[in-house]
A.B. asks: 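I have a structure I would like to understand better, so I am pasting it below and will then ask my questions one at a time.
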Amino acid sequence: MPDRPVPDRPARPVPDRGGAGPARALAAGYALFALAAGARGAVQLLTDAGRAPLAYALSVGAGLTYLAGALLLAGADRRPRLRAAACALAAAEFGGVLAVGTLSVLVPSAFPDATVWSWYGAGYGFVPLVLPLLALLWGWISPCGTRARGTGRPAARGRGSA
């Protein structure tokens with residue numbers, strides 16, 4: 001039986017995930033800290049709000065920031081606008097960590113109990129200080145399509161993109 005030629009099949013296109021792995025890892029880290037910081041602050045506010053209301057409210061605020069970061073990063077590999085928003089949030093978060101960390105060092109009486117960002121996140125192994133820097137680094141180096149490679153100009157939008 002003679003060999004029949006096998007028609008060439010086009011290879012299945014592999015979707016460009018443009019940094020999806022790091023974005024997902026960052027989103028998971030942010031989700032974990034959303035739970036840790038949010039739950040800590042909420043429990044402290046509900047059980048002993050009078051002791052350190054500023055510190056507890058800042059922990060809840062940090063938890064909400066981490067939740068927003070997790071949600072933005074979860075979709076950032078597919079949508080450049082979410083990537084930009086995630087980077088903006090990470091920059092604001094980093095500023096918050098620096099501000100609260102510096103205040104907690106210079107005016108410790110303002111923080112009778114620690115916040116997630118007190119002493120630059122020392123109580124959490126300085127992860128609150130490093131996490132936004134990692135998000136900013138990811139946003140800077142990930143090829144998510146917000147810039148045409150090597151040109152510095154915005155990438156052309158395809159059909160159907162918003």
Side-chain angles (χ1 to χ4, degrees), residues 9-45 54-106 111 114-162:
R9 288 188 183 187
R12 287 181 114 185
V14 177
D16 178 18
R17 298 298 293 189
R24 287 183 184 160
L26 284 167
Y30 270 85
L32 178 65
F33 268 76
L35 179 62
R40 170 188 176 161
V43 167
Q44 288 172 322
L45 275 175
L54 175 63
Y56 302 157
L58 285 171
S59 289
V60 170
L64 293 173
T65 301
Y66 291 128
L67 178 61
L71 294 173
L72 289 171
L73 285 164
D77 62 322
R78 295 177 306 280
R79 299 178 67 194
R81 287 186 182 168
L82 291 181
R83 175 179 171 257
C87 289
L89 182 71
E93 173 196 349
F94 185 64
V97 172
L98 292 179
V100 172
T102 301
L103 280 174
S104 67
V105 170
L106 297 178
F111 300 94
T115 72
V116 175
W117 294 346
S118 293
W119 287 82
Y120 309 104
Y124 288 85
F126 296 101
V127 172
L129 184 65
V130 175
L131 197 59
L133 291 176
L134 290 175
L136 288 169
L137 178 66
W138 167 81
W140 186 60
I141 64 173
S142 86
C144 282
T146 57
R147 298 252 173 232
R149 290 192 183 171
T151 67
R153 294 189 311 256
R157 293 179 181 252
R159 285 190 317 143
S161 62

A.B. asks: Looking at every heavy atom in both V116 and A37, which two are closest together, and how far apart are they?
C.D. replies: CG2-CB, 3.4 Å
A.B. asks: To the nearest 0.5 Å, how far apart are OH in Y66 and CG in L73?
C.D. replies: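 Those atoms lie 12.5 Å apart.
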A.B. asks: From L54 CG over to T115 OG1, what is the distance, rounded to the nearest 0.5 angstrom?
C.D. replies: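 L54 CG to T115 OG1: 8.0 Å, rounded to 0.5 Å.
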A.B. asks: Over all heavy atoms of both residues, which pair between A27 and A70 is shortest? Give the atoms and the distance, please.
C.D. replies: O-CB, 3.6 Å
A.B. asks: Which heavy-atom pair separates S104 from W119 by the least distance, and what is that distance?
C.D. replies: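 That would be OG-N, 2.7 Å.
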A.B. asks: Drop me the distance from I141's CD1 to L136's CG, to the nearest 0.5 angstrom.
C.D. replies: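 Answer for the CD1-CG pair, I141 versus L136, is 11.5 Å.
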A.B. asks: Hey, could you give me each pair passing side-chain hydrogen bond (donor to acceptor under 3.5 Å, both in side chains) that has a residue in residues 120-130? Not counting sequence neighbours.
C.D. replies: R40-Y124, T102-Y120
A.B. asks: Can you see which heavy atom on C87 is nearest to which on G139, and at what distance?
C.D. replies: SG-CA, 3.5 Å
A.B. asks: In Å, rounded to the nearest 0.5 Å, how long is the span from CG of L89 to CG of L71?
C.D. replies: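 L89 atom CG to L71 atom CG measures 10.0 Å (nearest 0.5 Å).
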A.B. asks: Taking side-chain hydrogen bond (donor to acceptor under 3.5 Å, both in side chains) as the test, write out the residues that go with S59, two or more places apart.
C.D. replies: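 None.
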A.B. asks: To the nearest 0.5 Å, tell me how far L98 CG sits from F94 CZ.
C.D. replies: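 If I round to the nearest 0.5 Å, the distance is 4.0 Å.
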A.B. asks: How long is the span from the CG atom in L131 to the OG1 atom in T65, to the nearest 0.5 Å?
C.D. replies: 11.5 Å
A.B. asks: Looking at every heavy atom in both W117 and E93, which two are closest together, and how far apart are they?
C.D. replies: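 Taking every non-hydrogen atom into account, CZ2-CG, 4.0 Å.
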A.B. asks: Do you know which two heavy atoms are closest between Y30 and P132, and how far apart they sit?
C.D. replies: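 It is OH-CA, 3.5 Å.
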